[in-house]
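Below, chains carry the letters A, B, ... as their sequence lines are ordered, and counting in each starts from 1. Excluded from the calculations below are hydrogen atoms, water molecules and symmetry mates; all remaining heavy atoms, backbone and side chain alike, are included. Because the structure is a prediction, the values reported are computed rather than measured.
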Amino acid sequence: MSEAFQAPVGTHDVLGAEAAQWEGVIATFAQLAYRYGFSMIVTPVFEEVGVFNRGIGEKSEVATKEMYVFEDRGGRTYALRPEGTAPVVRAFVQHNPTLPFKAWYFTPAFRYERPQKGRYREHHQLGVEVLGSEDPAIDVEVISLLNDYFKAVGLKQFRILINSMGHEECRSKYVETLRAYLADRVDQLCEEHQKVWDQNTLRLLDCKKVECVAITDAGPQLPDHLCTECEAHFTAVKSGLEALGVSCERTPRLVRGFDYYTRTTFEFVSDALDGAQNAIGGGGRYDKLAEQLGGNPTPGIGFGSGVERLLLALEAEGQTEPLINRTPAVFVVDTTETDAASLICHELRSAGIATVRAYDNRSMKAQMKVADKSGARFALLVGPQELAAGQITIRDLRSEEKIEQISIPREKVLAEVLSRLGK
RNA sequence: GUGGGCGUAGCUCAGUUGGUUAGAGCGCCAGGUUGUGGUCCUGGAGGUCGCGGGUUCGACCCCCGUCGCUCACCCCA
């Protein structure tokens, strides 16, 4: 046992019933993103470290302590992506596509942290990015998409927190005011922040310690420092969402971990999940990011949503049924030791019917047991009798009381199965 | 990075104050039913008790270390 390998710390294999759930939530997202006019984008899982450092902030927790950074054999320094936005913006800058550029993705993300419930070293995100417009209608569309998505997968107990960081100027003015205010009260902060309060001052707003909450509550507030344009933008987003019947709570404390955010930021939180890891999706505007990554100034907005967290939230709400059916329609039982099963399977599969079978010439009883467990609707039986008579026996595996089973000519099997499946 | 809990069959777990061949349920395989699943009955396979060291006449049990899992802090999806 000690000789066998296992998945690295903080990573997980997804298989079996869980995999069906993954397929369901991913397919639902892809479908919805298509409806909203997004195309899929695939970018490398690793990038030059600068892509992340410049975007999410060199002093941010994620960049300083949590990135998987490595040097390749050519001496280049790369990082495994800790989040999904920066790579998309990098690709956008590189290819300069027509605007607006709307892309969705499904990607793993890597952060070197201590794993716990709802937090892993490798997790997966579904997300979208829109580049090329600062129209509040886009903010509305992006938030509405995520809202529709969570509803589509059956999530009920979630809320939307929204805030505006203002553009660069509002933001830096506010940070200055806040720092000045805090400078006189450092000793009243929580132990941890007394040491690091001037490193990333905004993050202090996110501190849950009573000391910090009390001080920041009494201090200068972010909404009071927005310029008229930023406040107008925020108001437009808010009313746009209301028009769609999407309600959200303005949360001045909502300060997200990446430096690239400007103006709108938002977070979807699940009330079915315990406090610490309750964010199931989050994002915001990043109007300066394209520039920071060497492109033309281009506003953008997007979100990332954690698949593992979403699944935890669904489970916490008691919803464990996959959104997609992955049980086969037909199971072929063959005891003739010929290629009969192989031919039937191929014929049905070619006609679009999910068909499975047993292998290794097992007894009919054994094959029937496997058929039962497969969840297939029908079993097609071929034994020496059927082979000699040119027939196939079709048996309904779902009939609970009476056993329903008839034999039909071999050449009529496809038509019979299709009609029984209502196709 | 810091702290708590836990590592016994594929899974969920028992295992008496350390005492001889380590158990159950589920799952798996075979048979009962010489061609037919879901219920039932019988039998079987499967464990170097995470790994390494120590204490002891003797360790799954006690001690130390290590690896892993898990929960929390921090941070975030």
Determine the contact category for A:Gln6: base if any of its heavy atoms lies under 4.0 Å from a base atom, sugar-phosphate if only primed atoms, P, OP1 or OP2 are that close, otherwise nothing.
sugar-phosphate
The side chain of A:Glu113 is closest to which nucleotide in this list: B:G31, B:A77, B:G38?
B:A77
Find out whether A:Leu241 and A:Asn147 are in side-chain contact, i.e. whether some heavy atom of one side chain is under 4.5 Å from a heavy atom of the other.
no
Would you kindly say whether A:Tyr286 and A:Glu129 are connected by a side-chain donor-acceptor distance under 3.5 Å?
yes
Between A:Tyr260 and A:Phe258, does the ring centroid distance fall short of 6.0 Å?
yes
Rounded to the nearest Å, what distance is computed from the OH atom of residue A:Tyr149 to the P atom of nucleotide B:A77?
16 Å
Among B:G37, B:C75, B:A77, the one nearest A:Ala279 by side-chain distance:
B:A77
Spacing between A:Arg121 atom CZ and B:G1 atom C1', to the nearest angstrom:
11 Å
Please work out if A:Val382 contacts a base, only the sugar-phosphate, or nothing of the nucleic acid, heavy-atom cut-off 4.0 Å.
base
For B:U20 and B:G15, measure between their P atoms and round to the nearest Å.
16 Å
Heavy-atom nearest nucleotide on RNA chain B taken for A:Arg114 and for A:His124; more 5' hit belongs to A:Arg114
Check ion pair A:Arg285-A:Asp287 (N to O, under 4.0 angstrom):
yes
Considering only the C1' atoms, how many Å lie between B:C61 and B:G18, rounded to the nearest integer?
6 Å
Residue closer to the 5' end of RNA chain B, A:Tyr112 versus A:Val370 (nearest nucleotide):
A:Tyr112
Rounding to the closest angstrom, what is the interatomic distance between B:G50 and B:G68 at atom C1'?
7 Å
Looking for any heavy atom pair under 4.0 Å, which part of the strands does A:Lys369 touch: base, sugar-phosphate only, or nothing?
sugar-phosphate
Sticking with atom C1', work out how far B:U34 lies from B:A30, rounded to a whole angstrom.
15 Å
Does the side chain of A:Arg119 get closer than 4.0 angstrom to OP1 or OP2 of B:C71 through an N or O atom?
no
If we count only N and O atoms by modelled type, under 3.5 Å, do the side chains of A:Arg90 and A:Thr43 hold a donor and an acceptor together?
no
Please report the distance separating the P of B:U12 from the corresponding atom of B:C71, rounded so that it comes out in whole Å.
14 Å
If we take the C1' atom in both B:C29 and B:U55, what is their distance in whole Å?
43 Å
Is the distance from OP1 or OP2 of B:A77 to the nearest side-chain N or O of A:Gln277 less than 4.0 Å?
no
Expressed as a whole number of Å, how far does the C1' atom of B:U56 sit from that of B:C62?
10 Å
Touch check for A:Glu308, heavy atoms < 4.0 angstrom, all strands: base, sugar-phosphate only, or nothing?
nothing
With C1' as the reference atom in both, quote the distance from B:G58 to B:U39 in angstrom, rounded to an integer.
48 Å
Tell me whether the side-chain N/O atoms of A:Lys373 come closer than 4.0 Å to OP1 or OP2 in B:C28.
yes
B:A77 phosphate, OP1 or OP2: any side-chain N/O from A:Arg256 under 4.0 angstrom?
yes
Protein-nucleotide distance (A:Lys117, atom NZ; B:U70, atom C1'), rounded to Å:
10 Å
Pi-cation contact, A:Phe234 with A:Arg263 (under 6.0 Å, within 45°)
no
Just checking A:Phe268: base, sugar-phosphate only, or nothing, at a heavy-atom cut-off of under 4.0 Å?
nothing
